[in-house]
Amino acid sequence: MRFVLASASPARLSVLRSAGIDPLVRVSGVDEDAVTAALVDPAPAEVVTALAEAKADAVVGDVAAVEPDAVIVGCDSMLLTGTGEIVGKPGTAEAAAKRWRQNAGGTGELLTGHAVVRLRDGEVVDRTSAHLGTTVRFGEPTDTEIDAYVATGEPLHVAGGFTLEGFGGWFVEGVDGDPSSVLGISLPLTRKLLADVGVGIVTLWRTPNAG
């Protein structure tokens, strides 16, 4: 049984490796805007869950050809701001700086959708999905600090425009909930979803002598 991560996120990969999983990485290339546009008046949690499902489904054919017995995990994260807006990656320096100035001193809910697809003999035999919300308490960086952070390029390509494990960690006062979810993949929720499709997480752990 092989664990497959349907994501290009270095943070998700790092979390899994630190937790004893050496996943096969397959990037989905899903058109996130198209998936979102196809949803009818979705709640924020429905958006991230639908995107996670689309990412996992997108790599099924590729994975089945090389790993017929596998579990594919797809994830997607967005930030629900204190004003009720749901936002993904800023994309530009201007958007990242504006978002930080809006969120400074406030809170947001980092929503992460998780989807698991189980393959047996190259066929989909089970699937499940869920989401998790974690409250993020933002600090109050100065304008100089915000500009310097944006200049690193880090916040442009991460959900909500911040990280815990990188430069952004200096400006996050704390989280209420699962910190691994803020990094992009909730270990507790993933364990539960794997159990739902009949896979025990300990059976996927890298053995100590495997490096």
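Just so it is clear, the model here is predicted, and its values are computed rather than measured.
- Side-chain contact between Val136 and Glu173 is absent, with no heavy atoms from C-beta onward closer than 4.5 Å.
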In sequence, state the C-alpha distance, the side-chain angles, and the governing distance for Asp57 and Val117, and then conclude on side-chain contact (heavy atoms from CB on, under 4.5 Å).
CA-CA 7 Å; Asp57 288 340; Val117 176; 3.7 Å; yes
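- Judged purely by distance below 3.5 Å, without hydrogens or angles, the side chains of Ser7 and Arg12 pair a donor atom with an acceptor atom.
- In this structure, Leu119 and Val71 have side chains that are not in contact, with every pair of non-hydrogen atoms separated by 4.5 Å or more.
- A distance of 9.5 Å separates NE2 of His114 from OG1 of Thr49, quoted to the nearest 0.5 Å.
- Side-chain contact annotation: Thr142 with Thr144, donor-acceptor N/O pair under 3.5 Å absent.
- Using a 4.5 Å heavy-atom cutoff, the side chains of Tyr149 and Pro155 are in contact.
- Thr134 and Glu109 are not linked by any side-chain donor-acceptor pair at a separation below 3.5 angstrom, with hydrogens and angles left out of the test.
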Residue pair Phe162, Phe138: steps toward the ring pair (Phe, Tyr, Trp, His ring centres under 6.0 Å) verdict:
CA-CA 10 Å; Phe162 73 97; Phe138 294 102; 5.2 Å; yes
Working note: Val199 + Leu204, criterion side-chain contact (heavy atoms from CB on, under 4.5 Å); need CA distance, chi angles, decisive distance, verdict.
CA-CA 8 Å; Val199 178; Leu204 300 172; 3.8 Å; yes
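- Distance check, rounded to the nearest 0.5 Å: CD1 of Ile146 to NZ of Lys98 gives 13.5 Å.
- When all heavy atoms of Pro23 and Arg17 are compared, the pair lying nearest together is CD-CG, 4.4 Å.
- Look at Arg206 and Asp22 and you find no salt bridge, because none of the NZ, NE, NH1 or NH2 atoms lies under 4.0 Å from a carboxylate O.
- The closest side-chain heavy-atom distance from Val73 to Ile185 is below 4.5 Å.
- Remark: the backbone N or O of Leu132 is not paired with any side-chain donor or acceptor of Thr112 at under 3.5 angstrom.
- A donor-acceptor contact shorter than 3.5 Å links the side chain of Thr203 to the backbone of Gly200.
- The two residues Pro90 and Ala95 make their nearest non-hydrogen contact at O-CB, 3.6 Å.
- No continuous path of hydrophobic side-chain contacts links Leu164 to Val48 [ILVMFWY only; heavy atoms under 4.5 Å].
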Report the C-alpha separation of Asp176 and Arg137 in whole Å, then their side-chain angles, then the decisive distance to 0.1 Å, and conclude whether the side-chain contact (heavy atoms from CB on, under 4.5 Å) test is met.
CA-CA 8 Å; Asp176 301 319; Arg137 291 180 276 116; 3.3 Å; yes
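- From Thr128, atom OG1 reaches atom NZ of Lys192 across 12.5 Å, with rounding to the nearest 0.5 Å.
- Of the possible polar contacts, one joining the Thr81 side chain to the Glu85 backbone as a donor-acceptor pair under 3.5 Å is found.
- Using a 4.5 Å heavy-atom cutoff, the side chains of Val15 and Leu187 are in contact.
- Linking ILVMFWY residues whenever their side-chain heavy atoms come closer than 4.5 Å, directly or via other members, places Val182 and Phe167 in the same cluster.
- By the criterion of side-chain heavy atoms lying less than 4.5 angstrom apart, applied directly or through intervening Ile, Leu, Val, Met, Phe, Trp or Tyr residues, Val116 is grouped together with Val25 in one hydrophobic cluster.
- A donor-acceptor pair under 3.5 Å links the side-chain atoms of Glu154 to the main chain of Gly168, judged by distance alone.
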Could you walk me through whether Leu24 and Phe3 satisfy the side-chain contact (heavy atoms from CB on, under 4.5 Å) test, starting with their C-alpha distance in whole Å, then the side-chain angles of each, then the deciding distance to 0.1 Å, before giving a yes or no?
CA-CA 6 Å; Leu24 174 67; Phe3 188 113; over 6 Å; no
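- Looking only at distances, no side-chain donor or acceptor of His131 sits under 3.5 Å from a matching main-chain atom of Leu111.
- The shortest side-chain heavy-atom distance between Leu110 and Leu80 does not fall under the 4.5 Å cut-off.
- Between the CG atom in Leu51 and the CG atom in Asp33 there is a gap of 9.0 Å [rounded to 0.5 Å].
- No salt bridge links Arg2 with Asp69; every basic N to acidic carboxylate O contact stays at or beyond 4.0 Å.
- Under the 3.5 Å distance criterion, the side-chain polar atoms of Trp100 are matched with a main-chain donor or acceptor of Gly161.
- In this structure, Ala64 and Gly122 approach most closely via the heavy-atom pair CB-O, 3.6 Å.
- Environment of CZ in Arg120: sparse, with no more than 12 heavy atoms of neighbouring residues, nucleotides or ligands closer than 6.0 Å.
- In this structure, Glu46 CD and Asp41 CG are separated by 8.5 Å, a value rounded to the nearest 0.5 Å.
- Note: the hydrophobic cluster containing Ile201 does not contain Val4 (ILVMFWY, side chain heavy atoms under 4.5 Å, direct or indirect links).
- Side-chain contact between Pro188 and Ser180 is present, with at least one heavy-atom pair separated by less than 4.5 Å.
- Using a distance-only test at 3.5 Å, with no hydrogens or angles considered, no donor-acceptor pair links the side chain of Asp121 to the main chain of Glu123.
- At distances below 3.5 Å, at least one donor-acceptor pair connects side-chain atoms of Arg118 with backbone N or O atoms of Val197.
- In this structure, the side chain of Ser18 engages the main chain of Ser14 through a donor-acceptor pair within 3.5 Å.
- No salt bridge links Arg127 with Asp196; every basic N to acidic carboxylate O contact stays at or beyond 4.0 Å.
- Connection of Val63 to Val125 is not established within any shared hydrophobic cluster, with ILVMFWY side chains joined at heavy-atom distances below 4.5 Å, either directly or through further cluster members.
- With contacts defined as side-chain heavy-atom distances shorter than 4.5 Å, the pair Asn103/Leu79 qualifies.
- Here the CD-CZ distance, from Glu140 to Phe171, works out to 12.5 Å after rounding to the nearest 0.5 Å.
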